[in-house]
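Let me begin by presenting the structure, written as structure tokens, before commenting on it.
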Amino acid sequence: MDKAPHMEHDRGTWGSNFGFLMAAVGSAVGLGNIWGFPYKMGSKGGFAFLVIYLLLVVFVGVVVMLGELTIGRKTGLGAVGAYAKLSKKYKWVGYLGILSAFTLLAFYNVLGGLVMRYMFGFILEILGVDGFSGAEGGFFDYILFDYSGMIFFHVLFIVCNVVIVMGGIQGGIEKFCTVAMPALFFMLLFVIIYVAFQPGAGQGYKDMLTPDLKPISTFGGFVDVLKTAAGQMFFSLSLGMGAIISYGSYLDKKENLQKNSLIIPACDTLIAVMAACAVLPACAAFGMEYNQGPGLLFNTMQNVFLSMGSFGSFVGFMFYFLVFIAAVTSSISLFEAIVTWRIDVNREKGKKTNRTTIMCVAAVCSLIVGLPVALDALGSPDAAVKAPYLLLGMTPEQLDAGQVPMAIDAWLDFFDVISEGIFMPLGALVMSVLIGWKWKTKNLVVPECEQSGHKFWGYGFFDFCFKFITPLGMLVVLGGQIYDFFIKALLA
Ligand code: PHE
């Protein structure tokens with residue numbers, strides 16, 4: 001690392017627009033694409049879901065993406081500094097982002113660790129050693145109670161993040177993502193082609209592409225699909241928590257923001273659809289259900305690959321390797337949102353940037369908040385750490401009767417729900433209202449986009465979306481998720 005004394009105060013910048021794009025697409029493409037998207041699409045109307053999803057990407061995703069990139073690049077600061085610089089009163093929106101980063105990391109790191117464990121499991125299988133021996137109930141049920149293993153892989157995943165983020169924007173994040181993201185793409189392509197040749201895979205494509213209008217034929221059904229698609233789109237694009245603001249703050253003024261705000265969602269959606277083309281036909285070929293939750297990513301997919309014979313182990317390794325890349329390129333953006341915040345504070349005080357120290361502290365904090373997620377065996381009553389609903393005095397019988405709100409059925413869901421369900425949509429809602437009504441599209445977004453010498457296009461569209469469509473979309477997400485995650489069970 002170059003350590004010239006004058007460099008100590010430098011925040012750093014992306015080396016190229018391509019490098020920035022790979023990092024931003026890396027942030028967007030994560031577990032949400034490979035795991036959330038396929039089963040939501042599979043269970044909520046297939047092609048009809050896809051159409052609604054695409055409309056939301058265009059009317060909400062692209063718009064919020066442009067808003068966040070603008071705020072980041074204009075101020076040259078991470079979320080907290082950026083909001084404070086634009087209006088002191090709204091600094092809290094930046095802090096909300098930092099809070100989201102920690103709550104997201106709490107479960108993202110644990111899941112990333114599990115993915116690594118499966119990756120190594122398949123390596124052992126390839127080497128002819130049984131990589132997945134465990135107790136009778138299956139490997140997944142076994143490892144959830146293997147606490148030392150859970151912690152070991154949790155830590156290992158965090159260490160991977162530390163190594164990358166410590167390298168800085170260009171030497172760490174950009175360098176890793178420019179190699180890893182194209183690799184992910186080709187590996188996914190390979191898995192798709194391999195799965196396509198498995199007998200019975202056709203059913204998966206049919207389920208995916210036949211427009212099933214039943215889920216959206218009633219008003220209630222339509223709203224249900226709309227809020228699921230909106231929540232998914234929004235999480236999948238890493239919006240509403242400051243990761244994209246931070247990445248944007250390292251972008252050169254000569255880069256075209258509007259073009260970038262189209263490319264990132266386009267790539268993210270492409271990978272989500274590709275993931276569905278791998279996961280759903282693979283499940284169909286082996287007669288597995290498209291079940292939700294961690295079971296799909298861990299249990300189902302593992303069994304699919306193991307039943308493909310010896311070459312299947314190789315494909316299984318490749319699958320979990322690409323999921324690992326997807327996960328780590330997302331979690332580094334969560335860490336970077338935190339690191340950028342502290343670097344900005346240090347620079348303001350005239351101190352050294354201290355990236356390494358900040359990252360190590362953030363890593364330890366995220367490890368600690370993630371411990372309950374790693375140790376509650378997804379909310380099992382027999383686990384070392386009790387799930388939130390048990391701590392609150394509710395019983396497993398109430399859980400089975402559907403009376404326990406999803407927000408408290410396990411620590412994973414708890415952290416997922418407060419970040420994805422509340423903090424993030426709230427952050428994006430406030431941001432679009434601020435841009436649309438207070439800071440104004442024409443005073444903030446247009447001049448910043450035109451810095452690069454490109455003419456701003458579609459002013460009417462973007463302004464209308466910032467003012468009306470995006471806030472409305474975010475309200476649907478917020479209302480829908482609060483209902484799903486907290487209220488629904490209480491009415492049962
Ligand atoms: N976009 C990531 C995914 O699809 C999740 C994420 C959200 C990452 C917010 C960073 C910030 O899994």
Side-chain angles (χ1 to χ4, degrees), residues 22-41 53 56-57 60-61 64-65 68-69 72 78-79 94 96-112 114-115 157 161 164-165 173 177 180-181 184 188 228-248 264-276 279 294 296-297 322-341 362 366 412 415-428 431 477 481:
M22 287 303 100
V25 172
S27 169
V29 171
L31 297 171
N33 300 58
I34 292 169
W35 163 22
F37 186 85
Y39 87 75
K40 285 176 195 167
M41 181 168 160
Y53 184 88
L56 284 162
V57 169
V60 184
V64 179
M65 182 65 71
E68 296 205 2
L69 288 177
L96 199 65
I98 302 297
L99 211 60
S100 303
F102 277 112
T103 43
L104 286 163
L105 282 169
F107 67 92
Y108 226 86
N109 287 338
V110 176
L111 293 171
L114 281 172
V115 170
F157 185 77
N161 283 271
I164 299 169
V165 176
I173 297 178
C177 293
M181 292 313 291
L184 177 152
L188 186 54
T228 310
Q232 169 66 25
M233 175 278 300
F234 174 71
F235 178 77
S236 185
L237 288 178
S238 303
L239 297 172
M241 53 71 56
I244 298 293
I245 298 183
S246 305
Y247 276 11
I264 302 163
C267 293
D268 182 67
T269 308
L270 174 71
I271 301 284
V273 173
M274 283 174 71
V279 172
L296 174 65
L297 186 58
L322 78 87
V323 181
F324 165 72
I325 292 178
V328 80
T329 50
S330 295
S331 54
I332 54 178
S333 75
L334 294 167
F335 277 117
E336 186 56 42
I338 300 167
V339 170
T340 301
W341 161 50
S366 75
L412 189 154
F415 284 116
D416 182 19
V417 161
I418 54 175
S419 49
E420 188 183 344
I422 303 177
F423 295 161
M424 295 165 70
L426 188 64
M431 187 207 74
V477 178
Q481 319 231 63

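The model shown is predicted, which means the values in this text are computed figures rather than measured ones. Both ligands and their constituent atoms are indexed starting at 1 by order of listing.
Those atoms of ligand 1 that come under 4.0 Å of a heavy atom in Ser333, given as number and element, are 10 (C). Of all atoms in ligand 1, numbered sequentially from 1 with element shown, those under 4.0 Å from a heavy atom of Leu334 are 10 (C), 11 (C).
Checking only distances, Ser330 never comes within under 3.5 Å of ligand 1, N or O to N or O. Between Leu104 and ligand 1, no N or O atom pair is found at a separation short of 3.5 Å. Considering both main-chain and side-chain atoms, Leu239 never comes within under 3.5 Å of ligand 1 through any nitrogen or oxygen pair. Residue-to-ligand polar distances place Ser236 within reach of ligand 1: an N/O pair is separated by less than 3.5 Å. At a 3.5 angstrom cut-off on N or O pairs, Val29 does not count as close to ligand 1. Looking at ligand 1, you'll find an N or O of Ala28 within less than 3.5 Å of one of its N or O atoms.
With hydrogens and angles disregarded, no donor-acceptor distance shorter than 3.5 Å links the side chain of Thr340 to the backbone of Ser246. Thr329 places a side-chain N or O within 3.5 Å of a backbone atom of Gly26 that can act as its donor or acceptor partner. A distance-only check finds a donor-acceptor pair linking the side chain of Gln232 to the backbone of Gly32 [under 3.5 Å]. Side chain of Asn109 to main chain of Phe157: no donor-acceptor pair is present (N/O by atom type, distance under 3.5 Å, no hydrogens or angles).
Atom 6 (C) of ligand 1 has Ser238 OG, 3.6 Å as its closest protein atom, hydrogens excluded (heavy atom only). Tyr108 OH, 2.5 Å is the protein heavy atom nearest to atom 12 (O) of ligand 1.
Within the 4.5 Å cutoff, side-chain heavy atoms of Phe335 are placed close to those of Ser366. Under the 4.5 Å side-chain criterion, counting only non-hydrogen atoms from C-beta, Phe234 is not in contact with Val60.
Contacts between Phe235 and ligand 1, counted as non-hydrogen atom pairs separated by less than 4.0 Å, involve both the backbone and the side chain.
Nearest heavy-atom pair, Ala326 versus Ser330, reported as atom, atom and distance to 0.1 Å: O-OG, 3.1 Å.
Rounding to the nearest 0.5 Å places CE of Met274 at 8.5 Å from CG of Leu184.
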